[in-house]
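Notes follow once the structure below has been shown.
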Amino acid sequence: MADSSDAATGKSSRNRMVDSVSEKAQEVFKEDYVKARDVAVQAAKSRAYLYPIKGIFYFMTHRSLWKPFLSRLGPYVALSVSVVAGMFTFTYLPQLALLVFVNGPLAVVTTVVLILNESSTIINMISRNWLLQDALLDTFDGTLIARDSTNMVSEGREVKSGSDPIQKLGKILKSPFEKFSPKAIIRYFMYLPLNFIPVVGTGIFIFLQGRNRGKLVHGRYFQLKRWSTSQRSDWLEKHTGPYTAFGLVATVLEMIPIASMFFTYTNTVGAALWAADIEAKNTTMTDSTAPSLRETAEKADEL
């Protein structure tokens, strides 16, 4: 009788534990779902996903912005062709052999997507650190000047007289964009195994890359605004949706072989257009956050 009672007690305890874990899991799922829904709604309302597209049209219709792009075109094309060709030559079959076990026939497609993403990451890491850094900086600042935000640009560099926005750019007074950080590389390799999950995993991988990419698009803008690290984090946290949306579209565009350089520049133009609109309060990112951050910065400067 005692053994039977102990067994029943143990079973009841296990059932309560399972129920407790199940309830916690449901709570976590609901919280994550609500957060994801809020981010999606925020992204849709902001229309930030349109700025990479706006950047393409603005870049195409403003020839003065082509100068930094054309000055780096030859070396970048050579770098892109070398990286993409090398990745497909040496890594396609090994990665296909791995992905075919989990993705089946879809492995042919998912492997191509994976290699393009890997190639894009390598190209961006090399080009942004050594090849394109100054040119992208000129493109961002030149776009701001073209959008009548000369005062903002003058916070980070000398601005000359003239009508051509690129020719007006003078000596840089503040360091340019942040370089590709070691944390970004670590996160990339941490997320890489997601590609072993058929279709959905690749989608999640691109989404996470886009989210991280979005956090970097306004590095120069924040610098010109003289915002501290905490102020930047506060702004990005409050506008996670818009920056994720921008970063996702930008990431997909920059995954396109060879054309990735073009889209790297147009995404930079799009980011500058977005910054100019935020300054002009021409976005759904309301006035409530920016002034509070600005006031904090002004108070800090006074101390």
Side-chain angles (χ1 to χ4, degrees), residues 36 39-60 69 76-77 79-81 83-84 87-88 91-92 95 99 103 106-128 132 136 139-140 177 180 184-185 187-219 236 239-275:
V39 167
V41 171
Q42 190 184 59
K45 287 183 177 180
S46 71
R47 296 188 177 183
Y49 53 85
L50 294 176
Y51 279 98
I53 309 303
K54 290 181 180 180
I56 296 173
F57 289 101
Y58 196 88
F59 182 80
M60 292 295 292
F69 169 77
Y76 187 90
V77 170
L79 172 65
S80 298
V81 171
V83 171
V84 174
M87 289 295 290
F88 272 99
T91 72
Y92 180 77
Q95 294 189 87
L99 290 177
N103 290 352
L106 289 174
V108 175
V109 176
T110 56
T111 304
V112 170
V113 173
L114 176 59
I115 290 178
L116 289 178
N117 196 292
E118 291 169 342
S119 300
S120 175
T121 300
I122 294 171
I123 293 168
N124 273 330
M125 182 175 64
I126 296 174
S127 62
R128 285 182 178 274
L132 303 181
L136 291 176
T139 301
F140 190 92
F177 293 106
F180 210 91
I185 299 174
R187 285 195 183 98
Y188 179 84
F189 285 106
M190 283 175 59
Y191 298 151
L192 201 59
L194 286 169
N195 289 278
F196 290 103
I197 303 173
V199 184
V200 176
T202 301
I204 295 174
F205 177 75
I206 294 175
F207 172 81
L208 292 173
Q209 289 297 107
R211 185 185 64 181
N212 293 331
R213 174 79 171 83
K215 293 178 180 178
L216 302 176
V217 299
H218 274 164
L236 290 172
H239 302 97
T240 300
Y243 283 98
T244 299
F246 184 103
L248 185 58
V249 177
T251 296
V252 171
L253 289 174
E254 290 177 14
M255 284 174 59
I256 301 174
I258 310 304
S260 60
M261 178 190 181
F262 172 77
F263 290 121
T264 297
Y265 276 84
T266 60
N267 286 336
T268 300
V269 172
L273 294 176
W274 189 14

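Between Q95 atom CD and T91 atom OG1 the span is 4.5 Å, to the nearest 0.5 Å. Distance check, rounded to the nearest 0.5 Å: CZ of F69 to CG of L136 gives 11.0 Å. Note that OG1 of T268 is 9.5 Å distant from CZ of F59, once rounded to the nearest 0.5 Å. Expressed to the nearest 0.5 Å, how far OG1 of T244 lies from NZ of K215 amounts to 7.5 Å.
When all heavy atoms of F140 and A275 are compared, the pair lying nearest together is CZ-CB, 4.3 Å. Among all heavy-atom pairs drawn from F246 and N267, the shortest one is CZ-O, 3.4 Å. When every heavy atom of R213 is checked against every heavy atom of T251, the shortest pair comes out as CB-OG1, 3.6 Å.
In this structure, S127 and T264 have side chains that are not in contact, with every pair of non-hydrogen atoms separated by 4.5 Å or more. F262 is not listed as a side-chain neighbour of I256, based on a closest heavy-atom distance of 4.5 Å or more. At least one side-chain heavy atom of F263 sits under 4.5 Å from a side-chain heavy atom of I56. Side-chain contact check for H218 versus W274: some heavy-atom pair is nearer than 4.5 Å. You'll find the side chain of V217 reaches within 4.5 Å of the side chain of Y243, heavy atoms only. Contact annotation: the side chain of L132 approaches that of M261 to within less than 4.5 Å [non-hydrogen atoms, C-beta and beyond].
Evaluation of the side chain to side chain contact (heavy atoms under 4.5 Å, CB included) rule for S260 yields Y76, S80 as partners, not counting sequence neighbours.
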Given the rule in the side-chain contact (heavy atoms from CB on, under 4.5 Å) test, do V84 and I123 qualify, once you have shown the distances and angles that lead to the verdict?
CA-CA 9 Å; V84 174; I123 293 168; 4.2 Å; yes
Show the atom names and distances, to 0.1 Å, of all donor-acceptor pairs under 3.5 Å that link a side chain in residues 108-117 to residues at least two apart or in another chain.
| unit_1 | atom_1 | unit_2 | atom_2 | d |
| --- | --- | --- | --- | --- |
| T110 | OG1 | N103 | ND2 | 2.8 |
| T110 | OG1 | L106 | O | 3.2 |
| T110 | OG1 | A107 | O | 3.4 |
| T111 | OG1 | A107 | O | 2.5 |

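Remark: side-chain polar atoms of S120 are paired, donor with acceptor, to backbone N or O of E254 under 3.5 angstrom.
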